[in-house]
Structures are given as C-alpha cells and as structure tokens.
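Below is one structure, written out as structure tokens; comments come after it.
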Amino acid sequence: MSDLADLTVSEAASSIRRGEATSLEITNAVIARAGVTESHLHAYLTFDQDAARAAAQAADAALAAGDDGGLFHGIPIALKDNMTTRGTETTAGSKILSGYVPPYNATVVRRLQDRHAVILGKTNLDEFAMGSSTENSAYGPTRNPWDTDRVPGGSSGGSAAAVAVGSALAALGSDTGGSIRQPASLCGIVGVKPTYGLVSRYGLIAFASSLDQIGPFARTVGDTAALLEVIVGHDIHDATSYRGDVPPISTALETGVAGMRIGVVKELSGEGIDDEVAAACRAMYEKLAAAGAEVTEVSLPASETALSAYYLIAPAEASANLARFDGVRYGLRVDGDTTEEMMARTRAEGFGPEVARRILLGTYALSAGYYDAFYGQAQKVRTLVRRDFAAAYEKVDVLVSPTSPTTAFPIGERTADPLSMYYADVCTIASNLAGDPSGSIPIALDSAALPIGFQIMAPALHEEQLFRVAAEVERLAEFRQRPELATSEVRPA
Amino acid sequence: MSGWEAVIGIETHVELQTESKMFCGCPVRFGAEPNTTVCPVCLGLPGALPVPNEEAIERILRIGAAFECTLVEGSLFHRKNYFYPDLPKNYQITQYDLPFCIDGHLDIEADGEEVRVGITRVHMEEDTGKSIHGSETGRIHDAEYSLLDFNRSGVPLVEIVSEPDIRTPEQARAYAAELQRVVRSLGVSDARLEEGSVRFDANISVRRAGDDFGTRAEVKNMNSLRSLQRAIAYEIDRQIALIESGSEVVQETRHWDEGSGKTSSMRSKEESEDYRYFQEPDLVPLHVDQTWRDRVFAGLPELPAVRRHRIAATGVDRQAAAVMVEAGDLADLFDEAVSLGSEARTVGNWLSGDVVAYLRRNETTLADTHLQAEHLQELAVMVGEGALSSTAAKDVLARVLAGEGSPRAIAEQHDLLQISDTGALEAEVEAVLADNPDVLAKLQSGDLKPIGFLVGQVMRATGGKADPKVVSELIRNKATAG
C-alpha cells in the first residue's frame, strides 16, 4: 500500500504502534487525499485541517507518553454534520443552522476524543438526515466516488463517500430509515446501524427520536465493529440509552457461519429489486450455505407496510423535533413585523422542500381527527413489524437481504419524485421500526462497476451475530475493489 | 342570582422547589440573574435530550397521595406542540392520557358546610421561560422588543385539575387555600401566589338549577386568594347577566384585571387549538411499582385537615386549631407543648391569639422569637397553680417572646406573681368586709350579686396580685359563716 490514506484502521493502528507511521503522517495523507477528491465529491461541509493536524500531533505525543487510547488512537475520522461539535459549526445540512456553533459536544464526539481519535471535519448529508441521496443538502450534493454523476446514497452520503475514497479512514453516520446502510451499499463500504439505544443520541440533531441511531462506517467489517465498540455504552444524558452491560460485538469475527441459521427475507428478494442486485445476493446466499450455514426463506409480512408506517412516524416526530428552529435563539433569522411572522419567514426560508414536506406530513398525521387514522395506525404497524421479527428470530439467527433495491442512481433522477426516493429505503426501514441492529457489507460490483451491498439484520443486542455473519460475507465476497478516484492521480477539477 | 347555579373547576399549577430542573441538572433558583441557570437541554439546543428528575417524580407522587389519588403504574410523558418564543423547543413535555395521579379528592369547608372536591388528575410538566415585553402594556402585541429569560424553563411544574364540583366563589377560595396548605405540609413547594410558585386558573360556567353544564370561560391572572374569589364572583355575575339579556357565553380565556375588578377576553375558541399531543419519544415509560407507591403513602405527613381535627379534639377552639395549622410552625409548637403535659386549650388560645398578634405587631416570625415549648408548659403550670393570673400570663408571654427569659423568672422579676395563699388573703378580706357592712348584709340575706364588688376591693387592696378565685371563695365562706 503506497498511500497511507488507503490503510484500513487496523493497518494504520499497527503502523503507528510499529513506528512505521505517525498519526500526523496518516492524517496528512488523508488531508492530501481530500485535497484531491473534495472538488469532485463534496463529502465534507467543514474540513478543519489545522485542528486535525493538532489533534494528530497530540495523539502522537500521548502515545509516546504511554497513553494509548486503543485502535482509534490517532486515526483520522469524519463525523456526519448532525452531531454537535463544540466550537465547530454544525448545520445538519440545513440553511436554518447556517453559522450555528454548538457550545457542547455530542456524547459520541466526547467518546472519540477520549480515545484520541482525530476528527477531520463534518460530512455532508441530506438536510436534517431526510433523504436517500444527499441531494437534499442545502449546501449542494455529495457525489458517488465510483461515478461522480451518481448519488452516494443518503442521508449519510458524505461520510460514506469520504470513507470509500480515503478522505477519512472511518466515519460516523446516523440511520433513521437506512441512512447508514444505504449509502454504505452505494459507496461499497461497510456501515452498521446498531440496536436502538446502544449508542447515545445526546448531541445528535434529532430527525425521528424513536428511530435515530448513530453508527459506524469503515472499509472492513473488523474496523466497523471496532469503531462501534468505541461509541457504545449507557449515557446518563440520554434516557433512551440502554442501561445494561454492553453486549459483545467483535468477539465472533473469526467464528464463521457453520451451523448458523440464516433467513432470507422473502418480501425483499423479488419484485422491486434490481436483477443484478438480486443475483449478487443470491450468489452470496449460496456461498453462505456452502460455508455451513443453514439458509432458509423467511417471511416478514408486515415489512410491506413498514415503509408507509415509517413515512408517518418519522415525519410526525420530525414535525415536533424541528419546531425549535424558529429564529428566536440561534441559526437563521428572517425578520418580520411580528414574532409569528419572524418565525414563519425564518422557517419558510430556512428549510428545504423535502424537510418542509415532511414537517407538513407529520403535522397532518398528528392533527386532531387524523391522529388515529395515521399516526395511531402507523404505531400499530410498528408493533406488527416487531412481532414479525420476533417470530422470524424464533426460526433463524439472522436475516439477510439486499441493502438497497438498486445500485447508485444518477444525480437528479429521483428529486422530482419523492415516492421513488422513499422507495430507496424499502429494505432498511423495518430494522429501524423494530429497533434491531442491521448492517451493509459490499459484495460485488454490477455491470456498471457500481457496488452492491448485502444487508444482515440481527435481533436487538445481538451485534455479535451480525458481525459474525458480516465477517464471513466479507471473506466470501473478497470485495477489494476501490473507486478509481481513490487510486488514480486525479487532479483537482 | 336566584335560580342560578355556578359550576367551577380549578386548575392549579405548582412549581416544585427541587434542587434541579425537571429534565436537566440546572438549579431551580428564584430570582437569579436572567439566563444564568440554563444549559443545552433547557435552552432546547439542537441535539440536547431530556432526562427525568426522579426527585420531582417522588414529589408529584406525594401530592397525588395527599389527595388520595390512584398512583398510575405506567405513566407517560407527551409532547404538547405550540409555538411561543419562551418555549424553547416549541413543544412542552407534559402528560396526556397517562398522568402520574388520577381520581383523588380534597375536602374543604366553606360557608359552614363541608364539600368534597374531586381531583381529576395531577400531572407533571416543564415550565416555560419568561418573556419580558418592551411595551407599555407588557403584552407582546404592541412591544417594540421582547427579552427572554430561560431560568424558569424546565422547572418542574405540577398541574392539579379539579372536578367541576365547586359552586361558589367562597368554596373556590377555600379549595385554593386548603390546596396550598396541603402542598406546603408536604414540603414540596412553598406554593406562594406572589412569587408565582402557585397559580390558579378557574373554569366557570353558570346554569339554571337542574340544567346541563353551560358554556365555560377560563379566567386567569389571579394574584391572591381574594382576587380568585372576586374574579369568580364577577365572572358568575357577568355570565348570568349575559344570558338573562338574551346573549350567550363564549368559550374563551379571560384575563382578570385586579385594578378594574373585571375580566376581559384574552383569546377565544380555545378548543380549536390543536396541540397534536404524542408520546415523548426521548423518554421511556415510567414504572411506578407497588413498592414505590406504598412507600409514598407511608411517608406522608399528617395532612392539615387531619391535624385540625386532632387539635380541635383536644379541646382547642376550632378556629384556633385552624390558625395554628395554617401557620404550621404554631401547630408544631402546640404539639410539642402538649406532649410536655401542657393544658391544650390554654396553650392553643395563647398560640392562636396572643402569639399571632405579637408576630403581626412586630412583623416577625415564630422562629425569630425566643418562644419554646418548655416556656408554654411552665406558663401553663403557673396559671394552673394560681401563681399567675390569666392577664399577667399574657404579659409574661409577650416578654418571653421578646426574649426576656423564662416565665417564672419574668414573673418574679416584674412582681407579677399572684397571691393565692388563703392565710395571706384572709386579713385583706376581713378588712374589706369590715369597711362594707351593708354589702356584707346583702350577701348574708342571700343576694350574691355584690360579691364581684367586694372581690374588686380586695384586688385593689392587693395591687391586683390576689387570686380572684381564692378571694371570691373566702368572701363566700365569710358571708355564709357569718
């Protein structure tokens, strides 16, 4: 490996400890990579080279002094820009938070800093994490490193693109309906949404509180599991954070799948799934069976209504979560003759069309006379989805499916048709409704040289099983391709 | 208002004086510099999350238990959505269909009758910040600028909703006053109207006896118990006059103006306001199990009504008992003195009469005086022995309150001890009888009326120190013996 920006996290960590490279050298290599790729991708909203170099030097000094923060010590990583960072602008991809500098750090940021990780900057996202392509960012779209005319997926498209191209060795994203897994799939990297409550949401700018979960991106299953291990654990600042002992995560990466029961989700294997995607996944089911797993087909009947339920629950919660952006205390303010007018103008100008659409949808779903038919009904579907999963996990240890029904689609293709965009989350949403862990692992490229992701879902707090299967899928797929942008000497555009 | 009946329900908000706010660690402090007791949570900054204050929950359960409510096992928080500048999240975390406490009651006494007022629910919510509008009226509409203070944002607020069981302004006042006493006795809040730590809103409608409920108006902004009573009386008259003149009562919120003694419309059609309640997803359901509920009930102090009855049962005048219980510390001192063996009625009268008058006159509090239960006991014993007249006892009590020392020392120092020794008084009685032979003759003829005159003569001769009871007895004996 000639370029330090192409190291995996574990390779970089070894290099640092063997004295072959310093955190500063690795960080400089990643900064150099971003210098080449950013003009093509726009993965970052804020990229603070000086702060990153200073953090890298501090990490090197700490290590020299015997203070070893573990695998992520000195590793340059990126944060989705919906996690608050003290002193660094945090916009959630929205104009309404333009210039907003939080006075406090999200719990995940604190945990990373405690381990001397190097934070490079804040990555682009669909505004308030609402979208599946990163085209809804108020600051312009992020492009897919495999084909810059295509989307990287979303909403954590910036984080996924950065990791794929080497302008970060790993990153954090957030996943409300697939916002980690779908961009991981479209960018050819690993991304995991942990069990709801396993990672503190304190400092994550809320989209839909009962569904939002922060999770890791990396280029390997092992690095992804390791990053998750850094950020998990109960947080007194988050009442929904899991209070029990942290479950095992990376303890079975080498175990293999022999004897495991793997269920293929029937409803996510046929109609609506791109042929090449379906074929690649089928090939993986066969390989898993050949590796000793017992692969069967399992039905999740409620998954067909899950998408509709999601698009009532998530906007309903968002309509309240986003009410605080009113121009009174921070962020954008557009003046008006009265307070009400100031608030209305600020919100009309500050929110993009997709966010406005979801606020209206959610407000409607919660309104008197409609609550029972919409929000109330959606909550019932959510219960059914949970029951479906519970029933399925009586028979199998994990469930598998494609992560995304298609590979990366062209920029602009779906922006005029919200429903087609919503459909991008059809495979991922059920896990959020159930609160279960779920991850995407790249398994192949399609005929257009675009990555195909493979989704693994496990019961709540069974991350160990998820990563056990993921590691086997990674070995079986032998997916080692990198986007051309990461390997060729592309000059700034 | 003959033929008319008012139907009144009261919503009470009580600010809990907990160490920290409802959903964050900021201190609850009255009168702090604006925006100094705030953090990302109570300012509603992006990404901040609420974490419930268990002490506040314990306190609301105590309030519910005091009203003999059912404490709900699986209580939930909801979001109440509305936009207002001093509500930082533009939703309030409150409770909706599963409050902490339901179905209680409060017994009150008004107009000489006992009334049981149902308590529909007692729920928990967070307080808002405060807007200070830069305008002459202090209202937002004509303000040039508005300032916001978020110190109060997130302070735990308990809402107590009564059933519409109240029928008169006097009952409403009695309800509010008794509710304040209960809350104070629990030590969860000082419940002061002037400082805003308790607020009463009244829902008022009128109907002809036997009819269904009429349309109600909600009246706000009553800053004292007296204004609560006045506002309700005004509103009842207004509504009756409106209906009798052929108009209708409009469902609306009305503002009480203390100066003019009138209510005026604040906003109408409140029912059309849609708060879009839904379960707060940042919080998990609260499990108040049987053990917890039992502990709350077992830990309740003696409540004011029970205490009044108990004290009255010792022979103390009901009014005196009420005065002592109202003050709290007087009743504590009473209980302590009685436990030392003091005569209850005497001590009760001193505390509710002389002591209250002294405190008022000197604008002081019981704690700032030197009065102790031992003093009351000593004083009561001296009166019981006849060593001190009841008049002298009052003088001594005032001096004890002022810190001059113990009752006996004061009485001795000021020569207030009473002569009740028969031997010592005999000579004085003989002398008075000798000086008034005609009066003595009357007594001997069976007319006992002039005895008071003779007692007075003896009192004068002894400089007021003779025990009038002993003197009277001596005179009687002389008259009948003679």
Side-chain angles (χ1 to χ4, degrees), chain A residues 82-84 90-92 97 100 102-107 128 197 200-206 208-212 235-241 313 316-317 319-331 338-340 342-344 347 362-369 371 375-376 379, chain B residues 23-25 35 38-54 77-93 96-97 129 131 133 140-148 150 153 271-286:
Chain A
N82 58 354
M83 297 168 209
T84 62
T90 301
T91 67
L97 278 177
Y100 170 67
Y104 76 104
N105 276 325
T107 297
F128 287 109
S200 169
R201 292 185 295 116
Y202 189 70
L204 172 68
I205 298 179
S209 312
S210 74
L211 301 160
D212 294 343
D235 179 12
I236 54 161
H237 296 295
D238 178 359
T240 63
S241 125
I313 293 168
E317 292 181 12
S319 71
N321 283 332
L322 271 59
R324 69 188 64 193
F325 305 107
D326 58 8
V328 172
R329 284 148 298 130
Y330 46 77
T338 64
T339 309
E340 290 77 12
M342 182 273 284
M343 286 179 170
R347 291 168 67 78
T363 303
Y364 190 75
L366 289 173
S367 294
Y371 182 98
Y375 190 73
Q379 291 292 9
Chain B
F23 296 112
C24 63
N35 297 310
V38 294
C39 74
V41 176
C42 56
L43 286 175
L45 295 189
L49 295 172
V51 177
N53 177 345
E54 284 191 20
F77 282 107
H78 274 66
R79 290 184 183 177
K80 178 181 180 179
N81 296 286
Y82 65 96
F83 280 84
Y84 204 77
D86 62 20
L87 183 66
K89 300 184 294 294
N90 285 319
Y91 61 79
Q92 181 190 34
I93 304 178
Y96 186 54
D97 52 356
S131 302
H133 301 300
I140 192 168
H141 302 288
D142 54 349
E144 269 181 59
Y145 62 88
S146 295
L147 301 173
L148 293 166
F150 290 103
S153 171
E271 257 189 353
S272 69
E273 206 160 339
D274 181 359
Y275 292 117
R276 304 190 308 280
Y277 283 97
F278 73 103
Q279 191 183 329
E280 166 58 282
D282 285 329
L283 296 170
V284 292
L286 287 135

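Quantities reported herein were computed from a predicted structural model and do not represent experimental measurements. Chain identifiers are assigned alphabetically (A, B, ...) following the order of the sequence lines, protein sequences preceding nucleic acid strands; residue numbering begins at 1 within each chain.
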Using the rule given for side-chain contact (heavy atoms from CB on, under 4.5 Å), can you reason through A:Ser209 versus B:Arg79, listing the C-alpha separation, both sets of side-chain angles and the distance that settles it, and then say yes or no? CA-CA 12 Å; A:Ser209 312; B:Arg79 290 184 183 177; 3.6 Å; yes
Among residues at least two apart in sequence or on other chains, which ones pass salt bridge (Lys or Arg N to Asp or Glu O under 4.0 Å) with B:Arg276? none
Portion of A:Ala320 that has a non-hydrogen atom of chain B nearer than 4.5 angstrom: both
Given side-chain contact (heavy atoms from CB on, under 4.5 Å), test A:Met343 with B:Phe83 step by step and report yes or no. CA-CA 9 Å; A:Met343 286 179 170; B:Phe83 280 84; 4.1 Å; yes
Sequence-distant partners of B:Phe278, ring-ring contact (aromatic ring centres under 6.0 Å, His included), two or more places apart: A:Tyr375
From CA spacing to verdict: side-chain contact (heavy atoms from CB on, under 4.5 Å), B:Asp282, A:Glu317: CA-CA 10 Å; B:Asp282 285 329; A:Glu317 292 181 12; over 6 Å; no
Measure distances from B:Leu148 to the heavy atoms of chain A and classify the residue's part below 4.5 Å as side chain, backbone, both or neither. side chain
So which of A:Arg201, A:Met342, A:Gln379 has the biggest tally of heavy-atom pairs under 4.5 Å with chain B? A:Arg201
Minimum heavy-atom separation for B:Pro85 to A:Val328, with atom names? O-CG1, 4.1 Å
Tell me, out of A:Thr84, A:Thr363, A:Asp212, who's got the most heavy-atom pairs with chain B below 4.5 Å. A:Thr363
When heavy-atom pairs shorter than 4.5 Å are enumerated against chain A, which of B:Pro88, B:Pro52, B:Pro40 gives the highest number? B:Pro88
Counting only N and O atoms by type, is there a donor-acceptor contact under 3.5 Å from the side chain of B:Tyr277 to the main-chain atoms of A:Leu366? no
Could you walk me through whether A:Asp238 and B:Val51 pass side-chain contact (heavy atoms from CB on, under 4.5 Å), step by step? CA-CA 6 Å; A:Asp238 178 359; B:Val51 177; over 6 Å; no
Look up atom CG in B:Asn81 and atom OG in A:Ser319, then write down how far apart they are to the nearest 0.5 Å. 6.0 Å
What residue among A:Thr90, A:Leu97, A:Asn82 forms side-chain contact (heavy atoms from CB on, under 4.5 Å) with B:Pro46? A:Leu97
Name the member of B:Gly44, B:Pro50, B:Cys39 that forms the most heavy-atom pairs with chain A at distances under 4.5 Å. B:Gly44
With a 4.5 angstrom heavy-atom cut-off, which part of A:Ala316 approaches chain B: side chain, backbone, both or neither? backbone
In Å and rounded to the nearest 0.5 Å, what is the OG1 to CG distance from A:Thr240 to B:Leu49? 6.5 Å
With a 3.5 Å distance limit and no angle check, can you tell me whether B:Asp274 reaches the backbone of A:Ala368 through a side-chain donor-acceptor pair? yes
Cut-off 4.5 Å, heavy atoms of chain B, and the answer for A:Pro103 is side chain
Measure the shortest side-chain to side-chain distance between A:Asn321 and B:Tyr91 over non-hydrogen atoms and say whether it is less than 4.5 angstrom. yes
Check each atom of A:Tyr202 against the heavy atoms of chain B and say whether the ones under 4.5 Å are side chain, backbone, both or neither. both
Check whether any side-chain heavy atom of A:Asp326 lies under 4.5 Å from a side-chain heavy atom of B:Asn90, and answer yes or no. yes
Quick check on the interface: out of A:Leu211, A:Leu322, A:Leu204, who has the most heavy-atom pairs with chain B under 4.5 Å? A:Leu204
